[in-house]
Amino acid sequence: MNVLQGLNQAQRAAVTAGRGPILVLAGPGSGKTRVLTYRIVYLVQEMQVSPWNIMAVTFTNKAAREMQQRLETALEGRLRGLTIGTFHATCARILRREAQQMVGYDADFVIFDTDDQRQVVRQALQELNLDEKKFSPNKMLAGIGAAKNELITPEQYAASNYISEVTHRVYQRYQEILLANNAMDFDDLLMNIVLLFDQRPDVLERYQQKYEHILVDEFQDTNTAQYALLKRLAAGHGNIFVVGDSDQSIYRWRGADFRNINRFRRDYPEAQMILLEQNYRSTQIILDAAKAIIRHNKDRVEKELFTERQGGARIVVHEFYNEVEEADMVVATIERLMLQGLDPGDFAVMYRTNSQSRVIEEAFLRAGLKYRLVGATRFYARREIKDLIAYLRLVHNPADSISFNRIINTPPRGIGAKTQGLLHSWAAGQGLQPAEALLRLVSDPDTQHPFAGRATAMLAGFGQMLREWLGLLRNGANAGDLLDAILQATDYRGYVDDGTEEGQDRWANVMELRGVAIEYGEVSLSEFLENVALISDVDDLEEEASAPTLLTLHAAKGLEFPAVFITGLEDGVLPHSRSLDDGEELAEERRLFYVGLTRAKDQLYLSYAFRRNLYGESAVTTPSRFLLDIPDQLLEGIGSGRSSGQRREETKRRASDWNWASPASTTAYRPGEWRPDSSYPESKSLPEPSRWTEPAGEPRQPAATQTQFRTGQKVSHAKFGEGIVIESKSTGNDEEVVVAFAGLGIKKLVASMARLEIRE
DNA sequence: GGATCTCATGTTTTT
DNA sequence: CATGAGATCC
């Protein structure tokens with residue numbers, strides 16, 4: 001088979017394995033997606049399995065989409081009937097189909113996101129007369145989520161202390177509210193399907209027969225519920241092919257349990273285990289550093305990662321005075337590497353928490369350099385988008401009181417808290433959800449109700465709108481048509497677009513949503529809402545931009561970049577402060593660092609700041625303990641986290657020399673480039689200066705001609721005073737020098753004209 | 001019913 | 001610091 005060409009032996013073994021359980025342990029960069037894709041091709045082409053009998057599950061829509069695209073090419077469209085998607089999307093589809101088998105739900109159920117969940121918990125707390133301050137909705141939600149991930153229903157929930165007793169009651173009420181709203185949260189999609197299968201062996205059997213082959217990506221990220229689901233589906237035939245890497249398990253806090261890999265081996269003792277150990281991404285040096293880091297975690301299945309890319313550029317470690325300098329230097333270094341031929345899209349800047357991105361963004365803005373920010377406020381989490389989705393959801397499912405509550409007075413239409421409270425109790429008295437009661441109010445003029453004249457008019461006005469939208473839906477309107485009707489009837493633009501820049505942004509977001517809705521075209525409202533609920537990210541819309549990528553370490557999983565910067569390597573930031581007192585959590589922080597390191601193909605820059613602003617206060621930091629675990633010979637630059645006292649003296653010296661400590665000048669100019677400096681006594685066996693700026697092996701560009709000025713050099717100019725060289729390159733027979741002058745900013749000078757004097 | 005102020009809060013976030 | 005939610009005031 002031609003797809004087998006170009007696979008190494010282990011990959012080929014995985015792809016061509018026979019039936020039965022197969023566990024593929026795949027190190028970073030070892031081609032696991034390829035293996036998974038080819039395995040499906042192999043099943044269809046060589047083992048004569050119908051695509052209709054295959055289920056492939058991933059964790060992200062992006063991964064599913066990518067695999068689908070690859071398969072389309074490889075199978076030339078012969079993948080009709082293949083089930084490929086995220087756990088959640090696949091479960092939602094099955095649950096909708098089997099809705100009539102579930103007590104209390106119908107096929108129109110909606111999916112509640114985290115925001116909605118919080119509202120439900122708050123409602124539950126209120127109904128139970130519990131104080132939100134004492135029992136924070138987030139804590140309650142965490143408890144409920146943990147239970148669901150472990151397949152513990154409210155009935156089974158065992159309370160061992162006061163808090164868990166409260167959680168139990170809230171959980172119980174929470175589920176009742178969801179059911180009344182014909183809604184499920186993300187965890188329900190998984191749990192309910194397992195519950196259904198356990199109650200209805202006949203239903204389970206149908207799916208067991210259909211899904212004769214099951215393939216799972218990122219298996220280390222499965223939680224108990226997901227594992228239980230897989231186990232049930234595979235119970236008959238045992239054709240389950242899972243790919244994962246416990247060292248890249250970074251979602252423990254979401255219920256993921258990489259021990260499922262061990263469970264798999266126990267549950268399927270006959271399973272074939274295949275290790276993918278050849279890395280096709282990184283240089284040996286990067287791989288060695290990553291291995292040195294991960295080795296400290298206990299109870300691992302050791303993988304002997306190797307690469308054919310021997311050697312490589314050493315990893316640069318650098319301490320900076322504060323996060324502003326760190327960010328400026330990252331940007332300066334990127335600019336410099338770009339001048340050496342790297343593409344803007346070759347860079348990634350990674351950090352532990354989203355809040356760290358701002359300083360880095362500011363540095364990019366100062367430098368006038370474009371960047372691509374991953375994550376931030378997700379499109380579907382924006383208020384205006386959530387509002388409009390709530391309108392659509394209400395039209396789709398008038399029983400959804402959470403959506404109703406969100407928009408009953410948004411935009412403001414004179415229905416305040418008092419009227420809403422009255423409406424709720426009035427509806428409850430009739431055994432109806434608020435929107436249903438409201439609809440009755442407008443359809444039957446004789447309805448008895450407790451509202452005053454003004455309130456009645458307002459309520460009737462809104463009820464009338466809702467009625468019209470429902471009519472449109474009945475007449476076949478799709479999401480786009482409805483959205484237009486809603487925007488018009490509510491004058492939503494007047495509400496969000498106040499003429500300010502933010503207002504225009506908000507309206508632009510609304511228009512973008514409209515664009516998405518129209519794109520969905522013929523698809524039903526129900527399907528549209530399901531996609532929106534399960535996608536919640538539109539990163540694909542700005543994929544083409546070629547610019548450095550800013551992202552959290554979590555968001556970096558699965559990606560790769562020629563040059564990677566990992567910033568904020570300080571105790572309390574990278575091992576995050578919340579993880580310091582728990583061994584398991586610390587191990588996860590280590591894996592997170594490992595994931596970051598293994599994203600780099602050629603060059604890796606690790607940095608930390610001597611001082612960092614946190615919650616408005618500047619505090620002195622300790623370099624990350626993880627840095628100590630990287631062997632010296634892989635590093636260069638000042639400091640590997642060792643003898644930080646000495647290094648700090650150096651930093652301080654430089655700080656006073658160049659006023660780095662002064663905020664004004666910090667932003668006014670960018671100090672010298674980030675490069676190993678032989679004046680630092682503890683720098684060890686520095687390689688030739690060009691070494692870290694060029695990828696290993698073949699340099700991308702011929703070595704630069706000798707220049708008169710060196711980066712980092714102190715120079716003085718007759719008019720501008722003292723400055724520091726940022727960059728210097730020869731231009732034919734002259735030399736162009738970029739110098740940062742304290743207080744004046746950056747100037748580009750021609751050496752022959754500027755008559756710069758070297759000061760040291 | 002709506003605007004303004006005060007206070008607590010604060011990882012990561014595939015769905 | 002910066003955001004969000006509840007309380008208070010107009």
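Throughout, protein chains are lettered first and strands after them, A, B, ... in sequence-line order, and every chain is numbered starting at 1.
B:dT15 atom P lies 18 Å from atom CG of A:Leu229, rounded to whole Å. Nucleotide B:dT13 holds its C1' atom 14 Å from the OH atom of A:Tyr351, rounded to whole Å. Between the C1' atom of B:dG2 and the CD atom of A:Gln420 lies a distance of 13 Å, rounded to the nearest Å. Counting to the nearest Å, the P atom of B:dT14 and the NZ atom of A:Lys557 are 11 Å from each other.
Of the two residues contacting DNA chain B, namely A:Glu589 and A:Leu189, the nearest-nucleotide position lying further toward the 5' end is that of A:Glu589.
Using a 4.0 Å heavy-atom distance criterion, A:Thr419 is classed as a sugar-phosphate-only contact. Contact annotation for A:Arg118: no contact, since no heavy-atom pair falls under 4.0 Å across all strands. As judged by a 4.0 angstrom heavy-atom cut-off over every strand, A:Ala417 is placed among residues touching the sugar-phosphate backbone only. Using a 4.0 Å heavy-atom criterion, one finds that A:Phe87 contacts no nucleic acid atom at all.
Residues A:Arg611 and A:Glu323 are not paired through a salt bridge, judged by the lack of any N-O separation under 4.0 Å between the basic side chain and the carboxylate.
Among the nucleotides B:dT13, C:dG6, B:dG2, the one closest to any side-chain atom of A:Asn409 is B:dG2. Closest to the side chain of A:Asn354, out of C:dA2, B:dT14, B:dT12, is B:dT12.
Within the model, atoms CZ of A:Phe626 and CG of A:Asp571 stand 8.0 Å from one another, a figure rounded to the nearest 0.5 Å. Interatomic distance, OG1 of A:Thr153 versus NZ of A:Lys148, reported as 11.0 Å (0.5 Å rounding).
For B:dT13, neither phosphate oxygen OP1 nor OP2 lies less than 4.0 angstrom from any side-chain nitrogen or oxygen of A:Thr114.
In this structure, the aromatic ring of A:Trp253 is positioned over the six-membered ring of the base of B:dT12, centres within 5.5 Å and planes within 30°.
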